[in-house]
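Please read the structure below before turning to the comments.
Side-chain atoms are counted along with the backbone in the values below, which use heavy atoms only and exclude waters and symmetry mates. For reference, positions follow the sequence shown, starting with 1. Fair warning: this is a prediction, and the values are worked out from it, not measured in the lab.
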Amino acid sequence: MASKHDGRTITATEAAEPPPIGALFAFAAMLPIAAGALYLWIGSEAQSFLTVNLTLLWGAAILTFLAGVRRGVSFRQPGGPTLTQLATMLWLFGLGFAAVVETVWAYTLTATALEFVGYVSLAVLDPVAAKNGEAPLFFASLRPIQMAIPIVALPVLGYFVWQSPLFG
């Protein structure tokens, strides 16, 4: 059994750019959102209900996953998690969970708006957190570019939902 005085010292050097596999996964996670929004305009109308719902559920899942990423990073924060880290985690998780509920209840425009706000938040807050040492340094360069994908795709999806008689 370890005593309360046992501990560990960690010395790490952070790169300013994401590791290649990290960047690959970061952008791959955004592709289903873009693909879903694009498919609505070029695909079969018969598939649009399923496409909208799967795209929104994927987007919500990614938001809740990124909330967990923020929480996980906070575990290594010297002195414990900061209030900002915890608030951001709760904010992202709340938006993601609310988007799931709104999608299930067929309030797809509301779900789209919630996810849009979440992804804009990540594009703005993660670079600030990286500069403050509350997130990996490479979040400053990665997140704005990565989040540009859902920030563009979700309004495209939302416009389709808004104008489609299937979602009225």
Do the side chains of Val52 and Val152 join up, straight or via other hydrophobic residues, at under 4.5 Å, putting them in one cluster? no
Closest heavy-atom pair and its distance - Pro136, Ala130: O-CB, 3.3 Å
Side-chain heavy atoms nearer than 4.5 Å, only ILVMFWY residues, links allowed to pass through others: does that put Phe138 and Leu24 together? no
Considering residues, nucleotides and ligands other than Glu45, do more than 12 of their heavy atoms fall under 6.0 Å from its CD? no
Please report the closest heavy-atom contact between Ala15 and Leu137, naming both atoms and the distance. O-CB, 3.8 Å
So, the side chain of Gln47 versus the backbone of Ser44: is there a donor-acceptor pair under 3.5 Å, distance only? no
Check the pair Leu157 / Leu56 against side chain to side chain contact (heavy atoms under 4.5 Å, CB included), numbers first and verdict last. CA-CA 9 Å; Leu157 182 143; Leu56 289 174; 4.0 Å; yes
Interatomic spacing from CG in Leu125 to OG1 in Thr84 - rounded to 0.5 Å: 9.0 Å
Do Leu66 and Arg143 have side chains that approach each other closer than 4.5 Å (heavy atoms only, starting at C-beta)? yes
Just do the side chain to side chain contact (heavy atoms under 4.5 Å, CB included) check on Tyr119 and Ile33 with the steps written out, would you? CA-CA 12 Å; Tyr119 288 110; Ile33 301 169; 3.6 Å; yes
Does Glu102 use its side chain to pair, donor to acceptor, with the backbone of Thr110 at less than 3.5 Å? no
Under the 3.5 angstrom rule, does the side chain of Ser164 hit a backbone N or O of Val161 as a donor-acceptor pair? no
Between Trp105 and Tyr107, what is the ring plane arrangement, given parallel below 30°, perpendicular above 60°, and tilted in between? perpendicular
Output, in order, the C-alpha distance, side-chain angles, deciding distance and verdict of side chain to side chain contact (heavy atoms under 4.5 Å, CB included) for Leu86 and Arg71. CA-CA 7 Å; Leu86 295 174; Arg71 180 65 179 130; 3.5 Å; yes
Assigning hydrophobic clusters by single linkage (Ile, Leu, Val, Met, Phe, Trp, Tyr; side-chain heavy-atom cutoff under 4.5 Å), is Ile151 placed with Leu38? no
Short question: side chain of Glu115, backbone of Ala99 - any donor-acceptor pair under 3.5 Å? no
Counting only heavy atoms from other residues, nucleotides and ligands, does the tally under 6.0 Å from CZ of Phe27 exceed 12? yes
Residue set satisfying ring pair (Phe, Tyr, Trp, His ring centres under 6.0 Å) with Phe160, at least two apart, ordered chain then number -> Trp41
Heavy-atom nearest pair, Pro150 first then Gln146, reads CD-O, 3.4 Å
ILVMFWY network linking Phe93 to Leu95, side-chain heavy atoms under 4.5 angstrom: no
Can you tell me if CZ on Phe167 sees more than 12 non-hydrogen neighbours from other groups inside 6.0 Å? yes
With the 4.5 Å side-chain cut-off for hydrophobic clustering, are Val117 and Trp58 part of the same group? yes
Check the pair Val156 / Leu40 against side chain to side chain contact (heavy atoms under 4.5 Å, CB included), numbers first and verdict last. CA-CA 9 Å; Val156 170; Leu40 289 170; over 6 Å; no
